[in-house]
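Take a look at the structure below.
Chain identifiers are assigned alphabetically (A, B, ...) following the order of the sequence lines, protein sequences preceding nucleic acid strands; residue numbering begins at 1 within each chain.
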Amino acid sequence: MLRSGAAAPNAFTFPFILKSSSALSLTPTGTQLHCHVIKFGCHLEPFVQTALITMYCRFSSLENAHKVFDEIPHSTRSTVCYNALISGFIQKSRFSDGMLLLREMRAREVPVNAVTILGLVPGCTAPEHLDLGISLHCLTSKYNLITDLAVANCILSMYVHCGSISSAKKLFHEIPHKNLITWNAIISGYSQHGLGTEVLDLYQDMQSANICPDEVTLVGVLSSCANLGAQRIGREVEEIINRRGFGLNPYLKNSLISMYARCGGLARARAIFDAMPDKNLISWTAIIGGYGMHGHGDIAVELFDRMITARIRPDKAVFVCVLTACSHAGLTQKGLDYFHSMKSVYDLDPGSEHYSCVVDLLGRAGRLAEACRLIDSMPMGPDGPVWGALLGACKIHKNVDLAEFAFAKVVEIEPKNIGYYVLLSNIYTETGDSEGVLKIRVMMRERGLKKDPGYSYVECKGKTHLFIAGDRNHSQTKEIYSKLEDLVKGCREKEYGEIPSNNVSVHSERLAIAFALLNGNDSERDILVIKNLRICGDCHVFVKSVSKLVNRRFVVRDATRFHHFSGGSCSCNDYW
DNA sequence: TTAGGGTTAG
């Protein structure tokens with residue numbers, strides 16, 4: 001870089017050389033350069049000092065960066081050199097050091113600018129940083145920096161990372177001229193927090209505002225389609241991906257696999273997965289999770305073993321998928337072996353989510369005593385889902401005493417989770433204990449717990465049609481109810497078992513199914529109905545019979561399970 | 001001619 005005989009570098013050339021050196025990660029050259037800087041007498045030049053700080057920060061040599069900074073007299077420490085060191089600290093996760101520098105800046109009345117904020121705000125990445133994030137937001141308002149779109153976008157993302165979606169939403173609506181990054185930040189944020197319907201609305205709004213979606217936008221949209229079971233919109237997104245030439249983007253390919261897998265389009269998910277030359281851990285997790293949640297535990301396990309053979313190192317998340325798959329496929333010993341291999345082979349400490357999978361695994365196999373011993377051995381102590389898994393196992397094996405014990409534990413941790421009250425109440429119903437059922441009902445009333453209104457929805461021509469029990473608001477109400485009558489009549493004529501009639505308050509899943517049969521729906525093969533509460537026993541019988549009558553497959557996804565109905569039989573899988 | 005905003009699975 002610096003040859004003898006060449007023209008001597010000066011204060012203008014050094015920043016450029018230092019920047020190139022840090023971009024190329026040439027640490028020894030960087031230190032040598034610092035010596036040259038001193039030799040050529042440029043070390044007192046502000047541009048050079050700042051470039052040196054940046055270079056050392058990029059080399060993770062924060063102490064050297066700080067040393068250069070300390071050598072700058074207080075009177076000449078500019079906003080820019082503060083910003084360089086602050087960004088270095090934040091990028092190396094030293095948030096409190098960055099905040100100390102901000103405090104010093106303000107105490108010494110060094111002006112704070114947009115870049116100062118852009119350096120600091122990304123340090124607020126978790127809920128515990130929210131207060132500091134809010135104080136930085138206040139600071140931007142004070143200095144009128146929020147009008148800088150980069151600053152506003154950065155603070156918007158901070159709210160998303162800290163889980164404060166309401167603040168993110170408020171800020172988003174306050175930004176007058178939003179750009180692609182603004183839209184992506186809110187779409188990704190909503191999608192990560194499970195606000196699928198809002199994401200699809202925003203996706204429309206964005207296009208109405210003439211902002212063209214890019215790969216990042218589509219990743220968020222696909223993830224929401226996966227959550228909503230909106231396969232038709234997902235397919236439209238796939239067409240856009242191909243048209244725009246985004247087909248090679250690995251994020252998008254993984255999102256497509258996950259979307260198809262979770263919407264029941266396993267064949268398409270598998271085709272994309274198989275054609276992917278560069279499968280990563282995320283791709284494997286998406287496909288394994290898809291097979292597991294749709295009742296193909298055996299394929300999920302086979303794929304997991306293939307993943308290991310392909311030398312992909314598993315993480316905690318893929319273990320959740322494979323353990324769940326084992327428990328559904330009844331592969332108890334295989335699941336236990338995987339669980340033990342987490343620590344012994346991969347040095348991964350099982351989290352409470354893995355313990356709840358294994359409690360479920362043992363519980364389904366009827367090994368309730370072992371499940372209890374495992375709970376006792378948990379280093380982090382059992383949480384709600386662990387006791388919930390035990391409670392679920394007690395339901396399968398009709399163990400009322402243990403169920404009451406698990407219930408007492410779980411409501412201590414999650415007193416407002418209605419699902420557990422319903423579960424115990426169902427155990428009492430199944431064991432003919434009407435007093436028990438009454439006891440739960442009283443308990444719920446005393447605690448002010450009300451069952452959510454159960455609703456179901458089905459996707460048709462890209463639109464989601466939502467039904468509540470006894471719904472008469474739909475424009476096709478007359479046809480839907482008439483279709484339902486025909487279905488019940490048809491099932492009775494064929495004597496498909498005890499078909500409960502449609503009474504005044506017709507269950508929402510029945511309405512959704514009748515609607516889908518009238519209008520068609522957007523799934524590839526199956527009719528997918530999503531219900532926010534558990535599908536009830538009566539509807540189970542109904543859907544089973546209708547699937548035989550009309551020779552169609554139905555998938556009903558409720559709060560915890562996928563129910564696959566086909567030709568008068570049903571299989572169920574808890575998905576998480 | 002020194003400082004800088006958004007990304008996938010569970």
Side-chain angles (χ1 to χ4, degrees), chain A residues 10-19 22 45-55 57-58 68 72 78-88 90-91 112-122 145 148-158 160-161 168 175 178-189 191-192 213-224 226-227 249-259 261-262 269 273 280-290 292-293 314-325 351 353-354 357 575-576:
Chain A
N10 60 22
F12 295 115
T13 45
F14 269 118
F16 174 74
I17 297 168
L18 289 166
K19 199 173 178 182
S22 49
E45 292 292 338
F47 283 119
V48 179
Q49 287 165 329
T50 312
L52 275 170
I53 292 171
T54 309
M55 180 195 74
C57 287
R58 300 227 168 114
V68 176
I72 305 172
S78 65
T79 299
V80 179
C81 70
Y82 271 102
N83 288 351
L85 192 57
I86 285 176
S87 297
I90 300 303
Q91 279 159 19
V112 168
N113 70 8
V115 183
T116 321
I117 302 297
L118 291 170
L120 279 165
V121 172
L145 296 169
D148 184 315
L149 190 51
V151 171
N153 288 341
C154 185
I155 292 176
L156 176 54
S157 304
M158 177 275 293
V160 168
H161 289 137
I175 299 175
K178 304 168 180 67
N179 65 4
L180 177 63
I181 292 174
T182 323
W183 287 95
N184 283 350
I186 195 79
I187 285 179
S188 306
S191 120
Q192 283 157 28
D214 72 349
E215 290 105 314
V216 177
T217 326
L218 299 180
V219 163
V221 173
L222 280 175
S223 157
S224 300
N227 283 330
N249 182 312
Y251 287 92
L252 277 172
K253 274 196 277 196
N254 287 340
S255 302
L256 278 171
I257 294 170
S258 165
M259 183 276 293
R262 296 181 66 188
F273 175 82
N280 64 14
L281 178 58
I282 309 298
S283 332
W284 288 93
T285 308
I287 196 79
I288 291 170
M293 69 175 67
D315 70 352
K316 290 188 181 188
V318 74
F319 268 111
V320 171
C321 295
V322 76
L323 290 172
T324 311
E353 64 277 31
H354 303 98
C357 289
Y575 57 96
W576 299 124

Can you tell me how far [atom2] of [N] sits from [atom1] of [X], to the nearest Å?
X: A:Leu156; N: B:dG5; atom1: CG; atom2: C1'; result: 10 Å
X: A:Leu323; N: B:dG10; atom1: CG; atom2: C1'; result: 12 Å
X: A:Asn227; N: B:dT8; atom1: CG; atom2: P; result: 12 Å
X: A:Ile175; N: B:dG6; atom1: CD1; atom2: P; result: 13 Å
X: A:Leu118; N: B:dG4; atom1: CG; atom2: P; result: 9 Å
X: A:Ile53; N: B:dT2; atom1: CD1; atom2: P; result: 14 Å
X: A:Ile287; N: B:dT8; atom1: CD1; atom2: C1'; result: 15 Å
X: A:Arg58; N: B:dT2; atom1: CZ; atom2: C1'; result: 10 Å

Note to self: Just by distance, no angles: are the side chains of A:Asn153 and A:Asn184 close enough, under 3.5 Å, to form a donor-acceptor pair?
What the structure shows: no
Item checked: Side-chain donor-acceptor pair present, A:Asn227, A:Ser224, cut-off under 3.5 Å -> no
Check: Is there a donor-acceptor contact under 3.5 Å from the side chain of A:Asp214 to the main chain of A:Thr217?
Finding: yes
Is the distance from OP1 or OP2 of [N] to the nearest side-chain N or O of [X] less than 4.0 Å?
X: A:Gln192; N: B:dA9; answer: no
X: A:Arg262; N: B:dG10; answer: yes
X: A:Gln91; N: B:dG4; answer: yes
X: A:Thr324; N: B:dG10; answer: no

Of all the nucleotides listed ([options]), which has the minimum atom distance to the side chain of [X]?
X: A:Ala185; options: B:dG4, B:dG6, B:dT2; value: B:dG6
X: A:Leu149; options: B:dG5, B:dT7, B:dG6; value: B:dG5
X: A:Asn184; options: B:dG6, B:dT8, B:dA9; value: B:dG6
X: A:Asp315; options: B:dG5, B:dA9, B:dG6; value: B:dA9
X: A:Asn113; options: B:dG5, B:dA3, B:dT8; value: B:dA3
X: A:Ala317; options: B:dA9, B:dA3, B:dG6; value: B:dA9
X: A:Ser87; options: B:dG4, B:dA9, B:dG5; value: B:dG4

Check: Taking A:Leu120 as the fixed residue, which of A:Val115, A:Ile86, A:Val112, A:Asn83 is the one that meets the side chain to side chain contact (heavy atoms under 4.5 Å, CB included) rule?
Finding: A:Ile86
Check: Is the base of B:dG5 touched by the side chain of A:Asp148 through a donor-acceptor pair closer than 3.5 angstrom?
Finding: no
Checklist line | Heavy-atom closest pair, residues A:Val151 and A:Leu145 | finding: CB-O, 3.6 Å
Which part of the nucleic acid, if any, lies within contact of [X], taking any heavy atom under 4.0 Å across all strands shown: a base, the sugar-phosphate backbone alone, or nothing?
X: A:Asn280; result: nothing
X: A:Val219; result: sugar-phosphate
X: A:His161; result: sugar-phosphate

Next item on the list: Check side chain to side chain donor-acceptor pair (under 3.5 Å) between A:Ser188 and all other residues, then give those that pass, not counting sequence neighbours.
Entry: none
